[in-house]
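Notes for the one structure printed next.
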Amino acid sequence: MHVSSATTIVAQIVEISCIPNVAIHTALRYRNSMNIHEYQAQNLFEEFEIPIPRGIVLRAGDEISYSIMTLDFCKICVKAQIYSGGRGRGRFRRDFGHGGVKIVNSREEAVAVAKNMISNVLITEQTGEMGCVVNAVYVTEAIEVENEYYAAIFLDRKLRRPALMISSGGGMEIEAVAENFPEKLHRMVIDPLFGLRSYQIRDIAYRIGLPKDLSNEMVRILLSLYGLFTHKDCLLAEINPLALTKDGRFIALDGKITFDDNALFRHPEIAELRDPDEEDPREAEAVNYGLSYITLDGNIACLVNGAGLAMATMDSIKHHGGSPANFLDIGGGANGKQIARALEIILMDSRVRGILVNIFGGIVKCDVVAGGIVNAVRTTKLSLPLVVRLEGTNVEIGKQLLNESGLEITLATDLDDAARRIVALAK
Amino acid sequence: MSILVNKDTRVVVCGITGKSGTFHTKQCLAYGTKIVAGITPGKGGQLSEDGIPIFNSVRESMENEGADAALIFVPPLFAAESIMECIDANLKLVVCISEGIPVHDMVEVNEKLERSNTRLIGPNCPGIITPGECKIGIMPAYIHRPGPIGIVSRSGTLSYEAVWQVTQRGSGQSTCIGIGGDLIVGTTHLDAIKMFNDDPATEAIIMVGEIGGDSEEIAADYVKTHVKKPVAAFIAGRTAPKGRRMGHAGAIVAGKIGTAESKLHALEDAGIVVAETPTAIADALFSVYEK
C-alpha cells in the first residue's frame, strides 16, 4: 500500500514497506520490551522540552482533595495509570459509571472521580476480566483541542534504521489510520549517522497543511523526540495525540515510550521506572534469576535451553494434544541454582499438571542440568509427573545421574517422545 | 567444499581471556580450527592458556598474524565496538556470539557493515561450522558430520536439533550457520540460502525459523524463483501467543507480520517441505531428497 501518491524521491522513501512496519510498530506496543506509565512518559517529554499539559500524579494515601482543590484550573482530565490500553472504554469493578479516563468541569468532581479510581480495579479489553488495580491517577488540565496529530519515531526492523511517522489523523490507533486513511500517514527513514534533520520534518509538516509557525514548532518538537529516542535507547517514542490547541499551540496529550531491554544497563534511571505491580509475579521473579519466562494458559510446564527450542517444545506439546503452561528459556550458561529456581517458578503456578524438561546441551552441560534437576526435585518434594529429554554435551553422565537418583523421572528418547509422554502422564 | 569457512580459515578470537572465550577457544582448537591470535586489550604480548599469542588490538594482530575471520566473546557493552574494530581491520567474516547488545548499537554497526566487505554472523548466535574442517562458535562438535546438507537457523539449540537428526540418519552437513535471534543481525536466512545455492558441495538445504519478522518469507520468495536444490523447513512458535516476545528479541508476532501462518504459507508456496514437528525436520528433508 502506498502512503503518498507524490512521485518525488522523498515519497519513494516514504512508500517503503509501509504496512509491515506499521505492524512492527504495533508489536512495540506490547510490554515485553520495557514499558512505563503515561505520567512517566510525560515526565520524559517534559525533560526533553516537549510541551505537556499541567498536571499532578496522585496515589492512595495522598492528600487527594487538597491537591486537586489547589489546582489553578478547573477543566480537568483524570486518568487511571495502568499499562493496558483502552482505558477510556474500560469499566471499574466498583462501578461509578465512568471508564479509566474522565473529563470533568470542576475540581470537586475531579476529587470524586480520582477517589473512585484509586485502588479500584479497571477492566479493559486488554486486561481481561482479571482487570488491573489502579495505584495512581494522573490529573491534568483538560485541553481545548482544535486538531489532533500523531507523531512517532521507532526502530524499523526491516530497514535496520530509525524511522519517523507523522499522521494528521491523531487520537485514533495508528493501525486504523494506516488501514483506512493511508494518505494521512507520512513516513521518513532516518539516517542514523546524521540523525533526523529539520528538512525531513518540515517536508511532512507542509504536506499535512501546517502554516509556517506551526511547522517550525513541529520541527522543534520532533527533533526533541528524536533526542529522547536516541538518548534513552527507545524502540518506540510516540506522541498520540499531539494536540493543536484552540489557542494555536502544540501539546503532547498522551505518549507511549518503549525501551530496549538490552540497553537498560546504561539507563538505571529508566530501569527504576519498572512497576513490579504491573508484571506477572512469576515473570518478574524469573528476570531476577536471568531466566526468560512467560505465563501461558495451559497446564504442562516446560523448561528448555534456547528460545527457539523452547517455542518448538511448546509446539510439540500442543501437537500431541496438550497445552503449555509457560515459555521458559534457561539461557546459554545456566547453572544448577538457576535450574532449581526455574523449577520453583514453574511450581508457583498451581495449574501445572506435569513438567517437561528439554535440554540440547551446547554451552549448557547435560550433567549440570541433571544435577540441578535431582536437587530441585528433592528440595521441592516434587510429586508431579516429570519427563526429561537430554541431548548434547555430557549427555551420558547426565542420563546416568537421573537414572541413579532413584527419583521418578521419565527419560525420553527425543523431543517428540518427550511431548507424547508428558501429555499422557498429565491427563 | 562449503560456505564461508573451511580448513584454511585463520581465526582471531576477541575476548580470548574471558570465561567463555577461554572455554570455547579450547573447544574450537580441539576441533581443528586454526586460531592464530587472541585479543584482550592490556594483555598484548602474553600467550593464552593454549599458547595463542595475545594482542591489544585487532589491527596489531593482523599486522603480526593475519586472519580471515573473527570470533567475538566480548560483553554486550563493548561488543558493537569489537565488531566495528574487526570491520576496520578488513576481516572477511566476523562471528559475534555475544548476547544482549543494545539495538541502537547494532544500528550503527549495520551502517558500517554496509560500507564494508565484511560479513557479520550474529550477534546472539551459536556461530558457524563446516564439519570436519572448521568450527567458529559454541555448538557441540560431536553432533556434526561432514555431508551435503546446508543448515541455517535463527535459534541455536533448534539448529542442533536439525543437525543431530541429519547426522543420526547417516547423512551430514556442508556448513551450518546460526544467524541469531536479535532484531538486527548481520546475516539473514536469505543470505545463507543464496550461498548454499551457489555452493556445489551443498545438495540440499534446511531452514529453521521462528515467528517474528519476515526473514523466512523473504528467503522463501528467493527459493521459489532461484533454488532448484531440495529445501525443508521448520518454523518454531506456532502456538506462541500474539504480541509476547518469546525470549529472542526478534520473536514477536506483530499484526499479520511474523505469524507462523504467514511463514508456513510462504514456505509451502515456494515448494519448501515443512516439518510438522521439530523432531521431523530431517524426515521432511529426506522425503524430497535422496541421500
Side-chain angles (χ1 to χ4, degrees), chain A residues 19-20 22-30 32-33 155 157-158 160-162 175 191-193 230 233 235 260-263 265-266 292 294 296-297 304-319 324 327 329 331-333 360-363 391-393 414-417 419, chain B residues 20 23-24 76-77 99-108 110-111 126 138-140 142-143 153-161 164 181 183-184 208 210-214 234 236-241 243-258 276-280:
Chain A
I19 287 311
V22 168
I24 281 156
H25 170 193
T26 316
L28 300 178
R29 291 174 180 281
Y30 295 92
N32 311 278
S33 315
L155 181 83
R157 176 177 182 171
K158 195 165 181 175
R160 304 170 177 205
R161 289 179 158 188
E175 298 74 31
D191 184 327
L193 299 188
T230 53
D233 276 287
L235 297 178
D260 177 9
D261 275 347
N262 284 349
F265 67 82
R266 57 188 175 204
S292 177
I294 293 172
L296 302 173
D297 51 15
V304 189
N305 68 324
L309 192 59
M311 281 190 275
T313 304
M314 287 156 46
D315 295 345
S316 294
I317 290 170
K318 203 105 178 181
H319 184 79
F327 165 95
D329 171 14
F360 208 124
I363 328 173
E391 199 59 73
T393 313
D414 59 29
L415 173 51
D416 202 50
D417 179 48
Chain B
S20 359
F23 177 79
H24 289 291
L77 177 57
E99 178 180 352
I101 303 179
V103 72
H104 282 245
D105 294 4
M106 284 307 299
V107 167
E108 290 181 346
N110 181 61
E111 294 300 319
I138 59 173
M139 58 291 275
Y142 80 91
I143 59 172
S153 170
R154 255 208 266 187
S155 149
T157 43
L158 202 45
S159 76
Y160 308 163
E161 194 74 52
W164 185 227
L183 282 171
I184 294 181
V208 181
E210 60 192 39
I211 53 163
D214 54 5
F234 174 73
R238 288 193 204 198
T239 58
R244 300 302 312 269
R245 191 191 70 184
M246 308 309 280
H248 282 158
I252 180 165
V253 172
K256 286 172 195 155
I257 298 300
E276 272 297 308
T277 68
T279 311

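Chain identifiers are assigned alphabetically (A, B, ...) following the order of the sequence lines, protein sequences preceding nucleic acid strands; residue numbering begins at 1 within each chain.
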Closest heavy-atom contact between [X] and [Y]?
X: B/Ala236; Y: A/Met311; result: CB-CB, 4.0 Å
X: B/Leu158; Y: A/Ala312; result: CD1-CB, 3.7 Å
X: A/Phe360; Y: B/Thr157; result: O-CG2, 3.5 Å
X: A/Pro162; Y: B/Val107; result: CD-CG1, 4.2 Å

**Request:** Please round to the nearest 0.5 Å and tell me the distance separating atom CD of B/Glu276 and atom CG of A/Asp315.
**Result:** 10.0 Å
**Message:** So, taking the atom named CD1 in B/Ile184 and the one named CZ in A/Arg160, what distance separates them when rounded to the nearest 0.5 Å?
**Reply:**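 If we round to the nearest 0.5 Å, B/Ile184:CD1 and A/Arg160:CZ are 7.0 Å apart.
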**Asked** Does B/Val103 offer a backbone N or O that forms a donor-acceptor pair with the side chain of A/Asp260 under 3.5 Å?
**Response**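 Between the backbone of B/Val103 and the side chain of A/Asp260 there is a qualifying donor-acceptor contact (under 3.5 Å).
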**Message:** Checking A/Leu235 against B/Leu183 for the side chain to side chain contact (heavy atoms under 4.5 Å, CB included) test, could you report, in this order, the C-alpha distance in whole Å, the side-chain angles of both residues, the deciding distance, and whether it holds?
**Reply:** CA-CA 11 Å; A/Leu235 297 178; B/Leu183 282 171; 4.2 Å; yes
**Message:** Any heavy-atom pair between the side chains of B/Tyr160 and A/Asn305 that's under 4.5 Å?
**Reply:** no
**Item:** Check: A/Arg266 and B/Pro102 side chains under 4.5 Å, non-hydrogen atoms
**Value:**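 Yes, their side chains come closer than 4.5 Å.
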**Request:** Take B/Trp164 and A/Asp414, measure what side chain to side chain contact (heavy atoms under 4.5 Å, CB included) needs, and give me the verdict at the end.
**Result:** CA-CA 11 Å; B/Trp164 185 227; A/Asp414 59 29; over 6 Å; no
**Asked** So which part of B/Leu77 gets closer than 4.5 Å to some heavy atom of chain A, the side chain, the backbone, both or neither?
**Response**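 It is both, since atoms from each part get that close.
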**Message:** For B/Ile143, which atoms come within 4.5 Å of any heavy atom of chain A: side chain, backbone, both, or neither?
**Reply:** side chain
**Item:** For chain B, the option from A/Asp297, A/Val304, A/Leu309 that forms the most heavy-atom pairs under 4.5 Å
**Value:** A/Leu309
**Request:** Please indicate whether B/Glu99 has more than 12 foreign heavy atoms, meaning atoms of other residues, nucleotides or ligands, lying under 6.0 Å from its CD.
**Result:** no
**Request:** Going by the side chain to side chain contact (heavy atoms under 4.5 Å, CB included) test, name the single residue among A/Asp233, A/Asn262, A/Leu155 that passes it with B/His104.
**Result:**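 Going through the options one by one, the only one that passes is A/Asp233.
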**Message:** List the residues meeting salt bridge (Lys or Arg N to Asp or Glu O under 4.0 Å) with A/Asp417, not counting sequence neighbours, and say none if there are none.
**Reply:**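 With sequence neighbours excluded, A/Asp417 shows a salt bridge (Lys or Arg N to Asp or Glu O under 4.0 Å) to A/Arg420, A/Arg421, given in chain and number order.
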**Residues which pass salt bridge (Lys or Arg N to Asp or Glu O under 4.0 Å) with B/Glu111, listed by chain and number, not counting sequence neighbours** = A/Arg161, B/Arg115
**Prompt:** Pick from B/Pro126, B/Ser153, B/Ala280, B/Gly100: which one has the most heavy-atom pairs with chain A under 4.5 Å?
**Reply:**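 Among the listed options, the one with the most contacts to chain A is B/Gly100.
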